[in-house]
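Letters A, B, ... mirror the listed sequences (proteins, then strands); counts begin at 1.
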Amino acid sequence: MLSTLATDALRRSQLYRRHMAMDATFTTLGDSVVVSHYASEDETKQAQHLGLADLSTLPRTGFKGLGTPDWALDLGIELPARPNRALLQSDGTLVARLSQSELLLASNLNGLSESIANATQAELAERVYSLPRSDSHSWLVLCGSQAAETLAKVCGVDLRPHKFADGEIAQTSIAKINGVIVRNDLGETLSYCIFSDSSSVEFLWDSLLDAMAEFEGAAVGIQALRDCR
Amino acid sequence: MKLLTCPLNGQRNITEFTYGGEYHPMPDHQQATSREWAEHVFFHDNSAGVVIEWWCHSASSYWFLAERNTISDQILRTFPADEIFRERIDFNPTPADQGERK
């Protein structure tokens, strides 16, 4: 069987050269190619301890404008109660409310999202503006029991689990890069999604791996994240 | 460390923010003379005392207003822009504007 290449899909991650240099094995999910795992096939323990994954090729999008909350409710999207909160939908889509009238939608770990497909195809109501996030933002996941300790080295906001509940959002600076941090636990495993400017994601990836080294963290593939759920 | 409280994101390091200039009430754009409009856009009072200023939280691109004492550099309060801007303003050109462009 031929192996999947990082360049097989239309969209490739800005980090694909990093992944190839780390002996990554890729897998196809819907229209996306993501890292399944690196050299070791079983990375679950690593992800539970401290792992960094790149989900930048998975679907995500956004909408903004005063009409957005009502329009999203009409589409059957369950809205987080207040800004800077996120809510998982029944199809596993993560809906992050970045302000009163701004939403970020990110797919589940299978690369599928009915909510994103519906919202993308639906006609925009008055004062609803599309805010695509696939090209502008990268999507990293930092997970494991040491994730908060790692983030404390590069971010000024207190993200420790007892201070920053599951579903909380911090829009802040991470290693001097502006980003959106969403705590989105994978089962029992502490996990943070980090959405940041895609043009500087190579720097952020290197900075996070460097910060993780102290706690014996390593890059993990999507398989490990799924196993943690 | 200097801290600023963003009305949307809470207290953050000042390095996460960008200064956006003094806030001035906008003159009626249909009635204002070119001089008044230029003063509104380009000129600042630069007064000593309590002023209202625009600030942007860069990580969330959120613009808000802050009341700051320029003498003591004390920030008295920060508040969302919709405390002042309650209605949408459309900059529809007047027939006179269109005449000017010809």
Residue pair A/S56 / A/S138, side-chain donor-acceptor N/O under 3.5 Å: no

Please determine, among B/E16, B/R88, B/H57, the option with the most heavy-atom pairs under 4.5 Å with chain A. B/E16

Residue that, paired with A/L29, satisfies side chain to side chain contact (heavy atoms under 4.5 Å, CB included) out of A/T57, A/L55, A/L58: A/L58

Charged N-O contact under 4.0 Å between A/E168 and A/K163: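 A/K163 and A/E168: not salt-bridged.
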
Which portion of B/N9 sits near chain A, non-hydrogen atoms under 4.5 angstrom: both

Winner by heavy-atom pair count (cut-off under 4.5 Å) against chain B, out of A/V157, A/I177, A/T172: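 Of the options given, most contacts go to A/T172.
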
Is B/C56 close to B/F17 at the side-chain level, that is, under 4.5 Å between some pair of heavy atoms?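 No - every pair of side-chain heavy atoms lies 4.5 Å or more apart.
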
